[in-house]
Amino acid sequence: MRRPLVGSVPVPGDKSIAHRAILLAGLASGTSRVTGGSLGEDNIATLGALRAMGVRAAEEDGVLVVDGVGLDGLRAPEVPLDCGNSGTTMRLLCGILAAQRFATELTGDASLSRRPMARVAAPLRLRGARIEGRIDTKRPGEITAPLHIGPLPAPHVLSSLEYETPVASAQVKSAILLSGLWADGPTYVREPLVSRDHTERMLAALGVPLRSVGAMVELHPAGWSGTLPAFTIQVPGDLSAAAFLIVAAQIVPESRVDVRRVGLNPTRTGLLEILRDMGGALDAQARGDELGEPIGDVRAASAKLEAVRTGGEVVTRAIDEVPILCALAARARGRTEILDAAELRVKESDRLAAMASVLAAFGVKVEERPDGLVIEGVPDGPLRAATVPSRGDHRVAMTAAVLGLVADGPTRVTDVGCIATSFPRFAGTLRALGADVEVVASEGES
Ligand code: S3P
């Protein structure tokens, strides 16, 4: 077994909140300041898209200073907007671009170009937007990037919309709500389960008349000034990044890890609840809030874990944490069942298939279901060291690295460049906690 992980470490700013802060700062009237850790590549893609549409932004002493152009100030970009690996960039931009009088093209890397986009195009078309994509011949009715959006036809205004989303998706909900800023009537969005609500919290904090009742959100532009004020935000630490450290602390014996000033929005804390049910050692202390987002400190330590059966709304609130939840399950006593997680098949990779093969490579018995995984834990003794491909997926790569901390020899995760999309200093952070991790580029890797 390896050395314990001990210490207090920073994590990058919350990727979801930073996307929204950058977009709304670009659309605000005046100069906004966004701080809170280094931006990963996904957030940089969002910033790049705004810059290409005339928003000026510069980093000064770790603060991103954004000169907002106002809701009607974006200019036609001269080139396609490259969203890289970031689904949030592409889908949230759809909501904004749907309302513009100019045309845009949105492109992404190979993974993003496979991801479903009809879910965001369909509601925006219903309120008058033009959005076309590449027809996906294997999935009837589906479209994928590159997307061609706009220009918004005369009378150049989106209509009101009442929409029920088929899946709980904060990206879809956010695109619809953002488009509602330019609509001539109210927007109602209902979801099957409540997805993360960062857009609602930030818009409400900036004075947009918006209200949530259960899984329904309403935005009523009547009586609103029609401008977003400039703002300052210190983006909370990313709980989804901290999750890798919190889980590593649980499974590496004698560990004790603190993560300070991390986002504790209840629509994101599903993993902490599941971890408590598994007998995890965890303490989360609330420490106030930032532009409507709850923040706190999390202390994690090693623990004896028990298997759980989990699904439904808590899995929606842990949707990005299912890969690392698999690492907990791999070390828990008994059979863990993860249900209702079919959305994982259309993330940066098919994460159910990816995790099934990663776990098998470490010698853990796993059964793949259409909407989840059944994992037979190996609570005693080390796992079998493995060489595993990341499939270009940052969360798969980081989970495999965490599993490698309890393996019986060196583990090799290939193609780890993707980690920079969300946690550029991941390896260094594990090293700072005492882990033996090295990043070596090999042939064909970037
Ligand atoms: C995100 C929403 C989630 C999540 C993604 C970030 C967001 O996707 O998986 O990493 O910032 O809105 P869906 O909304 O598609 O579930």
Side-chain angles (χ1 to χ4, degrees), residues 12-24 39-43 45-46 83-96 108 111-112 114-123 142 144-145 163 165-179 189 191-203 215 217 235-236 238-244 263 265 267-271 293 313-325 340-352 354-355 371 393-399 418-419 421-423:
D14 186 290
K15 182 158 76 75
S16 288
I17 297 174
H19 279 304
R20 287 146 174 93
I22 292 167
L23 290 170
L24 295 182
L39 300 178
E41 285 171 359
D42 280 9
N43 287 148
T46 294
C83 303
N85 188 245
S86 176
T88 312
T89 304
M90 185 169 279
R91 296 196 178 112
L92 267 56
L93 276 176
C94 283
I96 293 169
S111 148
L112 183 53
R114 283 192 293 270
R115 296 181 65 185
M117 294 294 151
R119 52 178 62 193
V120 67
E142 192 54 83
T144 53
Y163 193 75
T165 63
V167 286
S169 162
Q171 295 176 353
V172 173
K173 173 178 62 176
S174 300
I176 297 171
L177 291 172
L178 289 170
S179 72
V189 196
E191 302 188 274
L193 293 167
V194 182
S195 65
R196 63 188 67 189
D197 63 358
H198 305 302
T199 304
E200 295 92 301
R201 286 173 187 258
M202 205 175 289
L203 286 176
V217 191
V235 176
D238 197 331
L239 185 60
S240 295
F244 296 99
N265 179 320
T267 61
R268 294 282 297 281
T269 50
L271 177 80
E293 289 288 346
E313 66 87 31
V314 76
V315 166
T316 300
R317 294 187 296 109
I319 198 72
D320 288 345
E321 282 64 74
V322 173
I324 194 62
L325 170 58
D340 305 319
E343 268 298 296
L344 264 82
R345 297 207 180 272
V346 290
K347 295 289 180 190
E348 286 84 328
S349 69
D350 175 342
R351 286 184 173 159
L352 295 181
M355 286 317 305
D371 73 335
D393 185 326
H394 53 137
R395 301 202 197 278
V396 173
M398 289 187 274
T399 300
C418 54
I419 292 175
T421 60
S422 67
F423 200 161

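Side-chain atoms are counted along with the backbone in the values below, which use heavy atoms only and exclude waters and symmetry mates. For ligands, and for the atoms within them, numbers begin at 1 and follow the listed sequence.
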Participant: So, is Gln171 polar-close to ligand 1, with some N/O to N/O distance under 3.5 Å?
Facilitator: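 Gln171 vs ligand 1: N/O contact under 3.5 Å present.
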Participant: Residue-level breakdown please: for Arg20 versus ligand 1, do any non-hydrogen atoms fall below 4.0 Å on the side chain, on the backbone, on both, or on neither?
Facilitator: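 Arg20 to ligand 1: side-chain contact only, backbone stays beyond 4.0 Å.
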Participant: Picking from Asp42, Val235, Leu93, what satisfies side-chain contact (heavy atoms from CB on, under 4.5 Å) with His19?
Facilitator: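 For His19, the side-chain contact (heavy atoms from CB on, under 4.5 Å) test succeeds with only one of Asp42, Val235, Leu93, which is Asp42.
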Participant: Nearest protein heavy-atom contact for atom 11 (O) of ligand 1: which residue, which atom, what distance?
Facilitator: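 Going atom by atom, the protein heavy atom closest to atom 11 (O) of ligand 1 ends up being Ser16 OG, 2.7 Å.
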Participant: Counting only heavy atoms closer than 4.0 Å, does ligand 1 sit against the backbone of Lys347, its side chain, both, or neither?
Facilitator: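 Just the side chain.
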Participant: Has Arg91 got a side-chain atom pairing as donor or acceptor with Met117's backbone, closer than 3.5 angstrom?
Facilitator: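 Such a contact is absent between Arg91 side chain and Met117 backbone.
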Participant: So, is Lys15 polar-close to ligand 1, with some N/O to N/O distance under 3.5 Å?
Facilitator: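 So ligand 1 has no N or O lying under 3.5 Å from an N or O of Lys15.
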Participant: Indicate yes or no: does Lys15 engage Asp320 in a salt bridge with an N to O separation below 4.0 Å.
Facilitator: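 Asp320 and Lys15: not salt-bridged.
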Participant: Flag the pair Arg351 and Asp393 as a salt bridge only when some basic side-chain nitrogen lies within less than 4.0 angstrom of an acidic carboxylate oxygen.
Facilitator: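 Looking at Arg351 and Asp393, the cut-off is met.
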Participant: Short N/O distance, under 3.5 Å, between Arg196 and ligand 1?
Facilitator: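 Not met; the criterion fails.
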Participant: Identify, for atom 10 (O) of ligand 1, the protein heavy atom at the shortest distance, and state residue, atom and that distance.
Facilitator: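 Residue, atom and distance for the closest contact: Asp320 OD2, 2.7 Å.
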Participant: Would a 4.5 Å heavy-atom cut-off, applied to side chains only, mark Ser174 and Arg196 as touching?
Facilitator: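 They are not in side-chain contact.
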Participant: Is any NZ, NE, NH1 or NH2 atom of the basic residue among Arg317 and Asp197 found under 4.0 Å from an Asp or Glu carboxylate oxygen of the other?
Facilitator: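 Between Asp197 and Arg317 there is no salt bridge, as every charged N stays at least 4.0 Å from the carboxylate O atoms.
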Participant: Can you name the atoms of ligand 1, numbered from 1 with element, that are less than 4.0 Å from a heavy atom of Thr88?
Facilitator: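 Atoms satisfying the 4.0 Å criterion: 1 (C), 6 (C), 7 (C), 11 (O).
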Participant: Quick one: does Thr88's side chain get under 4.5 Å of Asn43's, heavy atoms only?
Facilitator: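 A side-chain contact is absent here, since even the closest heavy-atom pair is not under 4.5 Å.
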Participant: At a non-hydrogen distance cut-off of under 4.0 Å, which region of His198 contacts ligand 1 (side chain, backbone, both, or neither)?
Facilitator: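 For His198, no heavy atom sits under 4.0 Å from ligand 1.
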Participant: Say whether Val172, considering both its backbone and side-chain N or O atoms, lies within less than 3.5 Å of an N or O atom on ligand 1.
Facilitator: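 It does not: no N or O of Val172 is found under 3.5 Å from an N or O of ligand 1.
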